[in-house]
Number of protein chains: 2
Amino acid sequence: MAKKPLPKEKNIYETDCPILYAMKMIGQKWKLPILWYIADAENQTLRYRELERKVVGITATMLTKCLRELEQDKFITRKQYSTIPPTVEYSLAERGKTLIPALESVYQWADDQMKKENKIQTSDSLS
Amino acid sequence: MAKKPLPKEKNIYETDCPILYAMKMIGQKWKLPILWYIADAENQTLRYRELERKVVGITATMLTKCLRELEQDKFITRKQYSTIPPTVEYSLAERGKTLIPALESVYQWADDQMKKENKIQTSDSLS
DNA sequence: CGGCATCCACCTGGATACTG
DNA sequence: CAGTATCCAGGTGGATGCCG
């Protein structure tokens, strides 16, 4: 009985720091990649399978989970056509579009960094 | 014995998707907040305790862990003065500075979103 | 095609206590 | 002041199998 099992009320990390807010909203592994590929597509629209292929490494479970959450949070819109076989299209909703500038700066930064890393490695490896 | 315990080799999620690269590098809960407050400070420099106070909600354990990683990844520089009591200053390294534009668009987006949410709630709540 | 349900390994991050 | 050490709960995300 030396340790309290600590009940500890649920803290949704309420904060007024915008960066933390953003981390909470879109800070998981796959949300930005998904949004990025939708934003990057024709008409900012992609089907489920197209997403599964573009977002390399994601599993169906995670893709579905993220898509549901992004839909609930109004980042994307889901449109279902009752054809056989079924067709589902995901597109950027208004809120998703507001993210594009941020998405682009992050992409830009990361792309630069990756190129820099490669350059260092190549110039090293030809010695 | 119906289930394999799956040894499963360590996969560092190697990818060539820049967004995933960024998520891996700076996608944890506290790294961007920390970088943000350092970037925001006079001379882009803050002491340990100042950080602890500005990054509301972070614990010393997490702060130290993140600072070590950010230092290893060349985002920040640590300068120690052997005074009594000790003084340690964290500042943006070159690589950290390259992140500022992205940091700012994320901040900008999140700030807008938070204001929008508040506005909706206030106009609702005065009915 | 476009999912959902289940199960579980691992990682992130919080609590607590102690130190030079 | 500026940490370190230990412990552990809970969340994140992967694997697998099945369904309309």
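The chains referred to below are lettered A, B, ... by the order of the sequence lines, with proteins before strands, and numbering in each begins at 1. This structure is a prediction, so every number in the text was calculated from the model and none was measured.
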- Show your working on salt bridge (charged side-chain N to carboxylate O under 4.0 Å, His left out) between B/R78 and B/E89 and close with a plain yes or no. CA-CA 6 Å; B/R78 180 178 186 275; B/E89 286 181 353; over 6 Å; no
- Message: Measuring to OP1 and OP2 of C/dG2, would you say a side-chain N or O of A/R49 lies under 4.0 angstrom away?
- Response: no
- Message: Rounded to whole Å, please give me the gap between CD in A/E52 and C1' in C/dC1.
- Response: 10 Å
- Rounded to the nearest Å, what distance is computed from the CZ atom of residue A/R53 to the C1' atom of nucleotide C/dC1? 10 Å
- Query: What does A/Y90 touch in the nucleic acid at a heavy-atom separation under 4.0 angstrom: a base, only the sugar-phosphate, or nothing?
  - Reply: sugar-phosphate
- Considering only side-chain heavy atoms of A/T59, which listed nucleotide, C/dG14, D/dG3, D/dA15, is closest? D/dA15
- Message: Here's a test of your reading of the structure: between A/P86 and A/A60, which maps to the more 5' nucleotide of DNA chain C?
- Response: A/P86
- Query: Does the base of C/dT16 carry an N or O that pairs as donor and acceptor with the side chain of B/T61 under 3.5 Å?
  - Reply: yes
- Query: So A/D111 and A/K115, salt bridge (charged side-chain N to carboxylate O under 4.0 Å, His left out) or not? Walk me through it.
  - Reply: CA-CA 6 Å; A/D111 198 45; A/K115 279 175 189 151; 2.9 Å; yes
- B/E50 has an atom CD; how far is it from atom P of D/dA2, in whole Å? 8 Å
- Task: Answer yes or no: does a side-chain N or O of A/R47 lie under 4.0 Å from OP1 or OP2 of C/dC1?
- Result: no
- Query: Which is it for B/E117 and A/Y21 under the side-chain hydrogen bond (donor to acceptor under 3.5 Å, both in side chains) test, yes or no, and what are the steps along the way?
  - Reply: CA-CA 12 Å; B/E117 280 186 15; A/Y21 170 91; 2.6 Å; yes
- Task: Apply salt bridge (charged side-chain N to carboxylate O under 4.0 Å, His left out) to the pair B/K65 and B/E69, showing each step before the final yes or no.
- Result: CA-CA 6 Å; B/K65 186 158 165 286; B/E69 289 178 17; 3.8 Å; yes
- Query: Tell me: NZ of A/K79 to C1' of C/dG2, nearest whole Å?
  - Reply: 17 Å
- Query: Could you state the CD-P distance from A/Q28 to C/dC11, rounded to the nearest angstrom?
  - Reply: 18 Å
- Message: If I take atom CZ in residue A/R78 and atom P in nucleotide C/dC1, what distance separates them, rounded to the nearest angstrom?
- Response: 16 Å
- Message: If you compare every side-chain N and O of A/K65 against the phosphate oxygens of C/dC4 (OP1, OP2), does one of them come in below 4.0 Å?
- Response: no
- Between D/dT12 and A/W30, is there an OP1 or OP2 to side-chain N/O distance shorter than 4.0 Å? no
- What is the distance from CG of A/L63 to C1' of C/dC1, rounded to the nearest Å? 13 Å
- Message: If I take atom CG in residue B/L51 and atom C1' in nucleotide D/dA2, what distance separates them, rounded to the nearest angstrom?
- Response: 12 Å
- Message: Distance alone, cut at 3.5 Å: any donor-acceptor contact between the side chains of A/Y48 and A/T87?
- Response: no
